[in-house]
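The chain is numbered in sequence order, starting from 1. A quick note: this is a predicted structure, and the numbers were derived from the prediction, not measured.
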Amino acid sequence: MKSRKIKIYFTSLVLAAGLFSCTDLEIEETDSIITEGFQGLADPSSSVNELYNRLNGQYGDQGNRFAMMEVTSDAAIVPTRGTDWGDNGQWSSLHQHLWTPEHVFIINTWNDWNANQLIASQILDSRSNPSAQDMGEASFIRALSMWTILDFYGQVPFRDVTLPSATLPEVLTGQAALDFIMSDLDTAITNLPSTTAGSGDANGRASKAAARYLKAKILLNKHIYLGSASADSSDMSAVIALIDQIAADGYALQEGYFELFRDTPDNETIWSLKSGVGNRIFNGLHYNSLTQGGGGWNGFATLAEYYDLFEGDPNENRVTLDGMPLDGQEERRGGVPPSGVPDVEDSQVGNGFLIGQQYAQDGTPLTDRAGAPLTFKRDFLDGDGNPNIINNDETTGIRVIKYNPRFGAFNGHEIFFRYADAHLMKAEAMMRSGGDPTALVNELRVLRKAAPLSSVGAQELLDERGRELFAEAWRRNDLIRFGQYTRNWLFKAPGSIDNEKYKLFPIPAAQLLANPALVQNPGY
């Protein structure tokens with residue numbers, strides 16, 4: 001995985017050469033410097049386009065950021081099925097919390113999102129003469145990228161493009177990092193356009209509402225980055241005000257949960273990218289589940305304990321051909337239809353959580369490759385019938401579908417920021433500042449055809465976020481904020497349970513060698 005346009009090692013050729021003499025860690029010359037004598041970009045708008053293209057690939061990937069947010073949590077697991085999905089343990093080590101600084105996703109994510117920061121800084125340099133639109137978009141993407149690094153690694157190397165190429169990046173942490181990111185978001189809010197809800201995704205471009213959402217998200221997590229025991233009430237007031245401003249642009253909760261994940265305008269989508277949704281469709285479905293793309297990849301699944309957060313029969317999740325629930329399940333849990341809709345390709349694939357017998361388009365029960373019934377199961381068992389993350393057969397694990405192949409398996413429309421998340425963020429900010437979030441949470445639950453809750457505390461709010469935002473790459477962030485990321489779940493390594501070191505990922509080893517200002521996170 002060396003094919004990166006820019007990798008961030010931020011050091012000079014002299015230092016790189018010295019490293020070659022004392023270590024076998026590979027540092028390429030193309031990784032080590034920005035073009036000598038940077039004097040600005042001739043066409044900053046084309047570099048903005050490049051940033052969005054990079055984001056499309058980074059967000060749509062099933063590995064890297066997505067895997068670090070979801071597979072490291074209770075929401076996703078990628079068991080080894082025979083020889084499939086072994087990949088030298090890169091998937092299982094994430095779920096078990098056994099990763100190391102050499103994990104490929106940890107290295108790639110560091111490189112990718114730091115590279116975004118560098119390109120954005122070049123656009124924002126006054127010598128590039130960016131337009132107000134360029135400034136707004138580059139500031140927003142730099143803030144998003146630096147926040148991603150802060151959230152995952154706890155420290156952000158910032159490369160000042162006005163300094164000589166040999167200058168090592170400054171490393172920002174805590175309040176200094178937050179101040180920098182918030183300043184960028186204020187610039188973005190000033191310069192980005194307003195986009196009215198329901199007007200479409202504006203070609204995947206950011207808006208004032210997107211910048212306000214990101215600012216609210218960071219403020220909600222601010223006490224985590226500062227190591228504080230609790231959130232500051234003024235920060236929570238700011239979260240509420242920002243979300244109210246988003247609502248003033250017409251963004252609101254909308255009926256029809258799975259309709260939101262089509263490439264059609266809606267009032268909930270604050271920001272979507274032109275990321276292909278194929279990874280979200282194919283990675284969990286069985287090889288025989290659908291026809292598009294030659295079938296599924298039969299990897300990703302969820303834990304039964306996550307599935308059990310939803311209302312409904314724990315062992316059945318069926319719907320009629322027109323989607324009506326048959327097993328007491330709430331709308332968001334979806335269900336498995338008995339066949340497909342005539343003339344709609346792969347419409348036999350259900351929405352949400354797929355468990356039990358799966359069917360072909362004509363209603364014929366599907367089988368796995370060995371001819372056994374294709375019945376997705378709650379448990380993960382090896383060939384000896386024992387619980388195991390390896391040596392599973394083709395049918396273990398409840399599968400998850402949010403973007404349905406009947407609407408196009410190769411569409412470029414993946415939601416990043418959604419108003420339902422903002423709505424729950426507002427409820428959480430109320431709770432963290434002494435208010436009662438019950439009414440706001442129940443407003444969402446009633447819309448999703450779930451029973452109202454009598455009261456809502458921290459656990460209920462975390463559970464509701466899990467139900468509403470499954471497979472949207474927020475679970476790790478939520479579990480950390482609610483103090484549950486280090487708790488036990490199926491197949492987590494015993495030594496990783498309640499181990500605080502796993503709240504941050506390690507700094508890749510080559511980066512520590514290249515920049516002495518970086519310090520390895522505790523425990524690695």
Side-chain angles (χ1 to χ4, degrees), residues 56 60-62 66 70 76 78 81 84-85 256-264 266 269 272-302 307 316-327 329 331-377 393-415 470-472:
N56 290 340
D61 197 335
Q62 67 182 353
F66 183 85
E70 293 287 317
V78 188
R81 306 180 189 281
D84 292 345
W85 294 91
Y257 184 69
F258 290 105
E259 294 294 308
L260 298 170
F261 302 96
R262 302 179 60 177
D263 60 347
T264 52
D266 63 76
T269 300
S272 66
L273 284 166
K274 294 298 183 183
S275 303
V277 298
N279 280 324
R280 305 293 176 259
I281 293 172
F282 296 119
N283 65 23
L285 292 177
H286 187 268
Y287 313 104
N288 297 336
S289 291
L290 74 172
T291 59
Q292 295 179 72
W297 305 334
N298 208 42
F300 281 53
T302 192
Y307 169 77
E316 299 282 358
N317 199 39
R318 301 166 300 158
V319 293
T320 62
L321 192 58
D322 59 358
M324 295 299 294
L326 295 173
D327 296 306
Q329 69 267 42
E331 180 186 25
R332 292 174 295 196
R333 206 175 78 169
V336 178
S339 65
V341 178
D343 302 321
V344 180
E345 185 180 18
D346 289 323
S347 55
Q348 80 281 3
V349 176
N351 288 315
F353 293 80
L354 311 184
I355 187 173
Q357 179 66 56
Q358 307 297 299
Y359 298 92
Q361 183 80 11
D362 64 1
T364 303
L366 288 170
T367 61
D368 66 16
R369 292 182 298 180
L374 184 57
T375 53
F376 295 142
K377 302 174 178 66
D393 69 20
E394 295 181 1
T395 67
T396 60
I398 302 163
R399 312 306 170 86
V400 180
I401 286 290
K402 205 148 196 178
Y403 294 86
N404 198 286
R406 73 180 66 190
F407 302 127
F410 302 99
N411 286 348
H413 170 76
E414 188 168 0
I415 296 173
F470 68 88
E472 293 186 49

A.B. asks: Which word best sums up how the rings of Y257 and F261 line up, parallel for under 30°, tilted for 30 to 60°, or perpendicular for over 60°?
C.D. replies: perpendicular
A.B. asks: Are the side chain of R399 and the backbone of L354 linked by a donor-acceptor contact shorter than 3.5 Å?
C.D. replies: no
A.B. asks: Which atom pair, heavy atoms only, marks the closest approach of T269 to L260?
C.D. replies: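 Heavy-atom minimum between the residues: OG1-O, 4.4 Å.
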A.B. asks: State, with a plain yes or no, whether a side-chain heavy atom of V319 is found less than 4.5 Å away from one of Q329.
C.D. replies: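 Of all side-chain heavy-atom pairs linking Q329 with V319, at least one is under 4.5 Å.
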A.B. asks: Within this structure, what is the CD1-CG distance for the pair I281 and N404, rounded to the nearest 0.5 Å?
C.D. replies: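 Here the interatomic distance stands at 7.0 Å.
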A.B. asks: Taking the side chain as every heavy atom from C-beta outward, state whether L290 and F282 have any pair of such atoms under 4.5 Å apart.
C.D. replies: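 In contact.
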A.B. asks: Look up atom CG in L326 and atom CD in E316, then write down how far apart they are to the nearest 0.5 Å.
C.D. replies: 9.5 Å
A.B. asks: State the NZ-CD1 distance between K402 and I415, to the nearest 0.5 angstrom.
C.D. replies: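 Going from NZ on K402 over to CD1 on I415, the span is 8.0 Å.
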A.B. asks: Testing the basics here: between V341 and R406, what is the closest heavy-atom pair and its distance to 0.1 Å?
C.D. replies: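 What the structure gives for the nearest pair is CG2-NH1, 4.1 Å.
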A.B. asks: Kindly compute the distance separating CG (N298) from CZ (R81), expressed to the nearest 0.5 Å.
C.D. replies: 5.0 Å
A.B. asks: How are the rings of F300 and W85 set relative to one another: parallel (under 30°), tilted (30 to 60°) or perpendicular (over 60°)?
C.D. replies: perpendicular
A.B. asks: May I ask you to decide whether K377 forms a salt bridge with D368, counting only side-chain N to carboxylate O separations under 4.0 Å?
C.D. replies: no
A.B. asks: Are any of the side-chain heavy atoms of V336 and Q357 separated by less than 4.5 Å?
C.D. replies: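 A side-chain contact is absent here, since even the closest heavy-atom pair is not under 4.5 Å.
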A.B. asks: Nearest 0.5 Å, please: how far is CD1 in I401 from CG in N283?
C.D. replies: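 It comes to 8.0 Å.
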A.B. asks: Over all heavy atoms of both residues, which pair between G350 and P337 is shortest? Give the atoms and the distance, please.
C.D. replies: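 Taking G350 first and P337 second, the nearest heavy atoms are CA-CD, 3.5 Å.
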A.B. asks: Distance alone, cut at 3.5 Å: any donor-acceptor contact between the side chains of S289 and Q358?
C.D. replies: no
A.B. asks: Measuring from atom CG of N56 to atom OG of S272, what distance do you get when rounded to the nearest 0.5 angstrom?
C.D. replies: 9.5 Å
A.B. asks: To check you understand the geometry: which heavy-atom pair defines the closest contact between R332 and F470, and what is its length?
C.D. replies: O-CE2, 3.5 Å
A.B. asks: Which atoms form the tightest heavy-atom contact between Q292 and P405, and what is the distance?
C.D. replies: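 For Q292 versus P405, the nearest heavy atoms are NE2-O, 2.9 Å.
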A.B. asks: Is there a side-chain contact between W297 and L285 (heavy atoms, below 4.5 Å)?
C.D. replies: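 Result no, sub-4.5 Å side-chain heavy-atom pair not found.
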A.B. asks: With a sphere of 6.0 Å drawn around CG of D343, does it hold more than 12 non-hydrogen atoms of other residues, nucleotides or ligands?
C.D. replies: no
A.B. asks: Testing the basics here: between Q361 and S347, what is the closest heavy-atom pair and its distance to 0.1 Å?
C.D. replies: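 Of all heavy-atom pairs spanning Q361 and S347, the closest is NE2-OG, 3.1 Å.
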A.B. asks: Do R262 and N411 have a side chain donor and acceptor closer than 3.5 Å?
C.D. replies: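 Result is no, nothing qualifies.
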A.B. asks: Just so I know, are the side chains of F376 and N317 near enough to count as touching, which here means a heavy-atom distance under 4.5 Å?
C.D. replies: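 They are not in contact (no side-chain heavy atoms under 4.5 Å apart), so the answer is no.
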